Amino acid sequence: MVGRAVTSRDLVLGRLRAALAADAAAPVDVPRDYRQADTVDLDQLAQRLTDYRAHVHRIAEAAVADTIADLLPAGGTVVVPPGLPPAWLPPTVTTLTDDGLDHARIGAADAVVTAAAVAIAQTGTIVLDGSPDQGRRVLSLLPDRHVCVLRADQVVATVPEALARLTPHRPLTWISGPSATSDIELIRVEGVHGPRRLHVVLLP
């Protein structure tokens, strides 16, 4: 009698049983001594962001409100997370604080203004972690324009250094430039899964 052929399912289940067995080998200890950079290059971060078609504004903190006013239409509507510093917002815009706003109101706003958790100079990536000054992930996805205020001491050189500052169970959003995609002919289309315009306000 010919036995039943071994299937891929059998192989997977067999490996799972072996891994869960009482005498299974202990997990391999993975080295975590990643390379760390001696310095952080803010110019590199600005260049990477610009390469991704973001707009970088390097200013003093006292000029944040004026800079945001210049970026937005007068009388425009801005969605903000509940913990955003009020001093960052100009009086020329209408502010909607996200206290559970529905998606239609968020998407209809002219822009969203948030802070950030950390940024990575080598990759030009900004990470939001859902803190009160950053808000829900949906805020950074629906408005057409995202203005992100970032402090120099939040910038690290490498990805491992960024991960060391982040809490894994928080809702992390990794942003490298405005939303963009391309079709099979490599025609770039912006704003498909997020804002078409990203402005990074970089403070000292």
Side-chain angles (χ1 to χ4, degrees), residues 19-20 26-49 51-52 54 56-58 61 64 68 78-89 95-103 106-107 109 111-143 145-180 192-195 197-204:
L20 297 173
V28 176
D29 186 22
V30 178
R32 303 292 182 187
D33 52 341
Y34 300 111
R35 179 173 58 87
Q36 306 288 312
D38 295 328
T39 59
V40 177
D41 189 346
L42 296 181
D43 291 333
Q44 183 182 46
L45 173 67
Q47 182 60 54
R48 293 285 189 272
L49 287 166
D51 289 345
Y52 295 142
V56 180
H57 312 269
R58 300 180 71 168
E61 184 163 3
V64 172
I68 291 176
V78 178
V79 176
V80 299
L84 195 80
W88 288 356
L89 300 171
T95 301
L96 292 177
T97 301
D98 179 37
D99 55 2
L101 296 171
D102 61 44
H103 290 183
I106 296 172
V112 59
V113 179
T114 73
V118 68
I120 307 164
Q122 289 186 357
T123 63
T125 304
I126 297 170
V127 187
L128 279 58
D129 69 358
S131 293
D133 59 357
Q134 298 155 57
R136 298 183 290 159
R137 178 177 285 135
V138 68
L139 298 186
S140 64
L141 296 178
L142 294 182
R145 183 185 285 109
H146 181 185
V147 180
C148 184
V149 183
L150 179 68
R151 299 181 188 277
D153 62 8
Q154 294 177 300
V155 182
V156 297
T158 65
V159 172
E161 291 171 279
L163 291 173
R165 293 195 182 193
L166 296 168
T167 304
H169 68 264
R170 297 193 64 84
L172 303 178
T173 303
W174 297 64
I175 301 169
S176 295
S179 168
V192 177
H193 345 86
R197 300 176 181 88
L198 174 63
H199 293 272
V200 180
V201 178
L202 183 56
L203 307 180

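Just so we're clear, the structure is a prediction, and the values are computed from it rather than from any experiment.
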* Does R165 reach the side chain of V127, with side-chain heavy atoms less than 4.5 Å apart? -> no
* **CD1 on I175 to OG on S140, rounded to 0.5 Å** => 5.0 Å
* Structure fact -> Tightest non-hydrogen contact, residues A111 and P143, listed as C-CB, 3.9 Å
* **Residue from L128, T114, L139 passing side-chain contact (heavy atoms from CB on, under 4.5 Å) with T173** => L128
* **Reported NE2-to-NE2 distance for the pair H199 and H146, which is rounded to 0.5 angstrom** => 11.0 Å
* Asked: Hey, does the side chain of R145 reach the backbone of P195 with a donor-acceptor pair shorter than 3.5 angstrom?
  -> no
* Asked: How long is the gap from CD on E61 to CZ on R151, to the nearest 0.5 Å?
  -> 4.0 Å
* Asked: In Å and rounded to the nearest 0.5 Å, what is the CG to CZ distance from L42 to R58?
  -> 5.5 Å
* **Close side-chain approach of R48 to Q122, heavy-atom, < 4.5 Å** => no
* Between D43 and Q47, a side-chain donor and acceptor under 3.5 Å -> no
* Asked: Going through the distances and angles, do D133 and V149 end up as a side chain to side chain contact (heavy atoms under 4.5 Å, CB included)?
  -> CA-CA 10 Å; D133 59 357; V149 183; over 6 Å; no
* To do: Of all the heavy-atom pairs spanning I106 and L101, show the shortest one and how long it is.
  => CD1-O, 3.7 Å
* Structure fact -> Applying side chain to side chain donor-acceptor pair (under 3.5 Å) to R170 and not counting sequence neighbours gives none
* Structure fact -> Tested for side-chain contact (heavy atoms from CB on, under 4.5 Å) against L45, the lone hit among I120, T125, L150, V40 is L150
* Asked: How many angstroms lie between atom OG of S176 and atom CD1 of I126, to the nearest 0.5 angstrom?
  -> 8.0 Å
* Evaluate the criterion side chain to side chain contact (heavy atoms under 4.5 Å, CB included) for residue pair V112 and D98; output intermediate values, then yes/no. => CA-CA 10 Å; V112 59; D98 179 37; over 6 Å; no
* Distance-minimising heavy-atom pair for P81 and P132 -> CB-O, 3.3 Å
* For G177 and A54, work out which heavy atoms get closest and say how close. => CA-CB, 4.4 Å
* Any donor-acceptor N or O pair under 3.5 Å, side chains S131, D129 -> yes
* To do: Drop me the distance from L203's CG to W88's CH2, to the nearest 0.5 angstrom.
  => 6.5 Å
